[in-house]
Trainee: 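Quick one: the structure is below, and I'll ask about it shortly.
All ligand and atom numbering here is 1-based and tracks the order in the structure.
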Amino acid sequence: MIAGTGRLLRPRLALLNGIAAMAGCLLAPEGAAMSLIGASLAGVTLLAAGGSALNQVMERDLDLLMERTRHRPLPTGELSPRAATAIGGICIVAGLVVLAGAGGIFPPLLGAGALAWYLGIYTPLKRRTPFALLAGAVSGAVPPLVGWAVTGGNLVDFRIVLVAGLLYLWQIPHFWLLQCRHAEDYRRTGLPLFAPGVTAGSPVFRVWIGAFAAGTLLLPLFGIIGGGAALGFCAFSLLLVLLALSRADVALFSSLNLFPLLIVLALYLQR
Ligand code: HEM
Ligand SMILES: CC(C)=CCC/C(C)=C/CC/C(C)=C/COP(=O)(O)OP(=O)(O)O
């Protein structure tokens, strides 16, 4: 039951969404109390975990078809759809309460909207159109907005728009690399895939990584990330481009996954 619940909630994916929310908190110009940072981390992690659980309830038929997902607790029968829905619901309610306690009504509204988009738009669209990915990335770009909203920040501030925009850009190659790794799996499901033939060596992939790497340089350029961290970001951008050019897909996927963590570290160290 415990192991099944772990696979249902996808803690690594949920936690990285929580870390992305921390970035939004740490971006606040007047700084943020550790209690707000912790609440953003916990609240969004709980929401993302709950979203993963409900997504797996909705996709249990597809998960049964893929080697990557057939060991999840619903295809294996470890958890019933009712139990998984209850676990997901509890996580979501807990996440909303944590965010409301820290930042009032707006952060949980943002988080609930992102979840509604993920479960109500992205998940059903996955079966119908290859462009679902472009829709899904909207929900994945919201976590920093939630952290920013917890500090009372105005969402039209260019700093948070840049960070959320970079997270949007980041998700496409993040998924393309997974799509390459699990190509046979996805073919078996018959899901319409966004640019299915794209590999790390494809021109469009390299252009996308180049655009993302160039976009990350705007963080030091606009003084959002300064000092030694700025140099670190420039090195990270160069690393992504070099890994893409050398077709080091596994290293590129792991490096890409560091992006939200690097932003949080850079912002935390310059507090
Ligand atoms: C359109 C948006 C996204 C799509 C389609 C997507 C897709 C995926 C898929 C299919 C996996 C493999 C999961 C598994 O096999 O259990 C995955 C893993 C992961 N994703 Fe994403 N993801 C998206 C957005 C995000 C966001 C916004 C974050 C965090 C900020 C994130 C962080 C991760 C992490 C940390 C993993 C786990 C990698 C591992 O366990 O090795 N993803 N993603
Ligand atoms: C503020 C907040 C909570 C925002 C929502 C963050 C969130 C849940 C992002 C989801 C990212 C995503 C599309 C994951 C893959 O789902 P998938 O169904 O493609 O993955 P799968 O094939 O492994 O099931």
Side-chain angles (χ1 to χ4, degrees), residues 6-24 40-75 88 91-92 95-96 98-99 107-127 130-150 163-164 166-182 185-186 189 191 193-194 250 253-254 256-261 263-264:
R7 276 175 279 120
L8 180 76
L9 300 178
R10 283 196 277 180
R12 282 185 297 206
L13 190 153
L15 187 60
L16 204 69
N17 276 284
I19 288 169
M22 281 174 73
S40 300
L41 172 64
V44 170
T45 299
L46 283 165
L47 287 183
S52 173
L54 299 188
N55 166 272
Q56 289 188 29
V57 171
M58 295 168 71
E59 293 189 332
R60 55 192 186 277
D61 59 324
L62 289 176
D63 285 351
L64 194 59
L65 302 176
M66 290 200 277
E67 189 56 40
R68 173 176 69 83
T69 56
R70 66 186 181 86
H71 301 293
R72 288 176 172 176
L74 282 133
C91 287
I92 290 171
L96 293 174
V98 167
L99 291 175
L109 275 181
L110 261 182
L115 275 188
W117 185 274
Y118 173 55
L119 297 168
I121 304 286
Y122 168 71
T123 302
L125 277 183
K126 270 178 77 175
R127 300 172 188 258
F131 298 101
L133 176 63
L134 299 179
V138 170
S139 56
V142 169
L145 301 178
V146 174
W148 178 264
V150 163
V163 169
L166 286 172
L167 199 59
Y168 182 91
L169 271 181
W170 168 86
Q171 292 171 79
I172 310 307
H174 162 79
F175 177 66
W176 267 337
L177 289 169
L178 282 157
Q179 192 176 260
C180 296
R181 188 186 298 178
H182 305 290
D185 251 353
Y186 279 106
T189 62
L191 285 174
L193 294 173
F194 184 61
V250 174
F253 181 72
S254 306
L256 264 177
N257 272 356
L258 286 176
F259 173 65
L261 201 58
I263 289 193
V264 165

Trainee: Within the structure, does R68 bring an N/O atom to less than 3.5 angstrom of an N/O atom in ligand 1?
Mentor: yes

Trainee: With atoms numbered from 1 as shown, which atoms in ligand 1 lie under 4.0 angstrom from a non-hydrogen atom of L133?
Mentor: 1 (C), 5 (C)

Trainee: Using every non-hydrogen atom in the two residues, find where V146 and P107 come nearest and quote the distance to one decimal.
Mentor: CG1-O, 4.0 Å

Trainee: Decide yes or no on side-chain contact (heavy atoms from CB on, under 4.5 Å) for N55 and R10, but give the supporting numbers first.
Mentor: CA-CA 11 Å; N55 166 272; R10 283 196 277 180; 3.6 Å; yes

Trainee: Which option out of Q171, H174, R181, Q179 puts a heavy atom nearest to atom 43 (N) of ligand 1?
Mentor: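 Comparing heavy atoms across Q171, H174, R181, Q179, the nearest one to atom 43 (N) of ligand 1 lies in H174.
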
Trainee: What atoms of ligand 1 come within less than 4.0 Å of a heavy atom belonging to R10?
Mentor: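 Heavy-atom distances to R10 below 4.0 Å select 13 (C), 16 (O).
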
Trainee: Where on L13 is there a heavy atom closer than 4.0 Å to ligand 1, on the side chain, on the backbone, on both, or on neither?
Mentor: both

Trainee: Using 30° and 60° as the class boundaries, would you call the ring planes of F175 and Y186 parallel, tilted or perpendicular?
Mentor: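 Ring orientation, 0 to 90° scale: perpendicular.
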
Trainee: Would you check, one step at a time, whether the test side-chain contact (heavy atoms from CB on, under 4.5 Å) holds for L15 with L41?
Mentor: CA-CA 8 Å; L15 187 60; L41 172 64; 4.0 Å; yes

Trainee: Within the structure, is a non-hydrogen atom of F259 found at a distance of less than 4.0 Å from ligand 1?
Mentor: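 Heavy atoms of F259 never come under 4.0 Å of ligand 1.
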
Trainee: With a heavy-atom distance limit of 4.0 Å, tell me whether R10 approaches ligand 2 through its side chain, its backbone, both, or neither.
Mentor: side chain

Trainee: For E67 and D185, which heavy atoms make the closest approach, and how far apart are they?
Mentor: N-OD1, 2.6 Å

Trainee: Closer than 3.5 angstrom, by distance alone: can the side chain of R127 be matched with the main-chain N or O of P124 as a donor-acceptor pair?
Mentor: no

Trainee: Using a plain distance cutoff, I'd like to know if Y118 has any nitrogen or oxygen under 3.5 Å from a nitrogen or oxygen of ligand 2.
Mentor: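 Yes, since at least one N or O of Y118 sits under 3.5 Å from an N or O of ligand 2.
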
Trainee: Side-chain contact test, heavy atoms from C-beta onward, threshold under 4.5 Å: evaluate it for L256 versus W170 and give yes or no.
Mentor: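 Contact flag for L256/W170 side chains = yes.
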
Trainee: Is there a side-chain contact between P75 and T69 in this structure, where contact means two heavy atoms from C-beta onward sitting under 4.5 Å apart?
Mentor: no

Trainee: If the cut-off is 4.0 Å to any non-hydrogen atom of G140, which atoms of ligand 1 fall inside it?
Mentor: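 Answer for ligand 1: 27 (C).
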
Trainee: Quick one: look up the protein heavy atom nearest atom 29 (C) of ligand 1 and list residue, atom name and how far away it is.
Mentor: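 Atom 29 (C) of ligand 1 sits closest to the protein heavy atom N17 ND2, 3.6 Å.
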
Trainee: Would you please test F259 and H174 for side-chain contact (heavy atoms from CB on, under 4.5 Å) and show each step?
Mentor: CA-CA 11 Å; F259 173 65; H174 162 79; over 6 Å; no

Trainee: Please state which protein non-hydrogen atom is closest to atom 38 (C) of ligand 1 and give its distance, to 0.1 Å?
Mentor: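 Going atom by atom, the protein heavy atom closest to atom 38 (C) of ligand 1 ends up being N257 ND2, 3.9 Å.
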
Trainee: Would you mind telling me if ligand 2 is within reach of the side chain of Y122, the backbone, both or neither, using heavy atoms under 4.0 Å?
Mentor: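 Looking at Y122 and ligand 2, just side chain atoms fall under 4.0 Å.
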
Trainee: Do any heavy atoms of K126 fall under 4.0 Å from ligand 2?
Mentor: yes

Trainee: At less than 4.0 angstrom from any non-hydrogen atom of N55, what atoms of ligand 2 do you find?
Mentor: 18 (O), 24 (O)

Trainee: With a cut-off of 4.0 Å, which atoms of ligand 1 are near a heavy atom of L16?
Mentor: 29 (C), 30 (C), 32 (C), 35 (C)

Trainee: Begin from the C-alpha positions of F194 and I172 and carry the test side-chain contact (heavy atoms from CB on, under 4.5 Å) through to its verdict.
Mentor: CA-CA 9 Å; F194 184 61; I172 310 307; 4.2 Å; yes

Trainee: What atoms of ligand 2 come closer than 4.0 angstrom to any heavy atom of S139?
Mentor: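 Taking each heavy atom of S139 in turn, ligand 2 has 4 (C), 5 (C), 6 (C) under 4.0 Å.
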
Trainee: Between H174 and ligand 2, find which residue part has any heavy-atom pair under 4.0 Å and reply side chain, backbone, both or neither.
Mentor: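 It is neither part, as no heavy atom is under 4.0 Å.
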
Trainee: Starting from atom 7 (C) of ligand 1, which protein heavy atom do you reach first, and at what distance in Å?
Mentor: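 The closest one turns out to be F175 CD1, 3.8 Å.
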
Trainee: Counting C-beta onward and ignoring hydrogens, is there a side-chain heavy-atom pair between L64 and L74 closer than 4.5 Å?
Mentor: no

Trainee: Under a 4.0 Å N-O cut-off, is there an ion pair linking D63 with R72?
Mentor: yes

Trainee: So is there a nitrogen or oxygen of R68 less than 3.5 Å from a nitrogen or oxygen in ligand 2?
Mentor: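 Yes; the residue has a nitrogen or oxygen that sits under 3.5 Å from a nitrogen or oxygen of the ligand.
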
Trainee: Nearest to atom 40 (O) of ligand 1 by heavy atom, R12, R7, K126, H182: which?
Mentor: R12

Trainee: With nothing but distance in play, are any N or O atoms of R72 less than 3.5 Å from an N or O of ligand 1?
Mentor: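 Yes - when backbone and side-chain N and O of R72 are compared with those of ligand 1, one distance drops under 3.5 Å.
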
Trainee: Please could you name the atoms of ligand 1 that Y122 approaches to less than 4.0 Å, counting only its heavy atoms?
Mentor: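 Matching atoms, with element in brackets: 5 (C).
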
Trainee: Applying a 4.0 Å heavy-atom criterion (strictly less than), which segment of W176 is in contact with ligand 1: side chain, backbone, both, or neither?
Mentor: neither

Trainee: Does some side-chain heavy atom of L110 sit less than 4.5 Å from a side-chain heavy atom of L99?
Mentor: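 They are not in contact (no side-chain heavy atoms under 4.5 Å apart), so the answer is no.
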
Trainee: Between S40 and A21, what is the shortest heavy-atom contact and its length?
Mentor: O-CB, 3.8 Å

Trainee: For atom 8 (C) of ligand 1, what is the nearest protein heavy atom, given as residue, atom name and distance?
Mentor: L178 CD1, 3.4 Å

Trainee: If you count the atoms of ligand 2 from 1 in the order shown, which ones are under 4.0 Å from a heavy atom of E59?
Mentor: 18 (O), 24 (O)

Trainee: Show the nearest heavy-atom pair for residues I263 and A23, with the distance to one decimal.
Mentor: CG2-CB, 3.7 Å

Trainee: Between T123 and Y118, is there a donor-acceptor pair closer than 3.5 Å when you use the side chain of the first and the backbone of the second?
Mentor: yes

Trainee: Considering non-hydrogen atoms of the protein only, which is the closest contact for atom 26 (C) of ligand 1, and what is the distance?
Mentor: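 I find the closest protein heavy atom is W170 CZ3, 3.6 Å.
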
Trainee: Would you mind running through ligand 1 and noting each atom that sits below 4.0 Å from a heavy atom of Y186?
Mentor: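 So the atoms of ligand 1 that pass are 10 (C).
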
Trainee: Looking at ligand 2, is there an atom of it that comes within less than 4.0 Å of some heavy atom belonging to A114?
Mentor: yes

Trainee: What atoms of ligand 2 come within less than 4.0 Å of a heavy atom belonging to R72?
Mentor: 21 (P), 23 (O), 24 (O)

Trainee: Return the closest protein heavy atom for atom 3 (C) of ligand 2 as residue, atom name and distance.
Mentor: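 Closest protein heavy atom to atom 3 (C) of ligand 2: L47 CB, 3.5 Å.
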
Trainee: Of the protein's non-hydrogen atoms, which lies at the shortest distance from atom 7 (C) of ligand 2, and what is that distance?
Mentor: N17 OD1, 4.0 Å

Trainee: Using a strict cut-off of 4.0 Å, indicate which atoms of ligand 1 neighbour a heavy atom of A137.
Mentor: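 Per the distance check, 1 (C).
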
Trainee: Give the contacting part of Q56 toward ligand 2: side chain, backbone, both or neither, where contact means a heavy-atom distance below 4.0 Å.
Mentor: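 None of Q56 does.
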
Trainee: Are the side chain of S52 and the backbone N or O of A48 linked by a donor-acceptor pair below 3.5 Å?
Mentor: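 Here the side-chain-to-backbone pair does not exist.
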
Trainee: Between L9 and C91, what is the shortest heavy-atom contact and its length?
Mentor: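 The answer is CD2-SG, 3.9 Å.
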
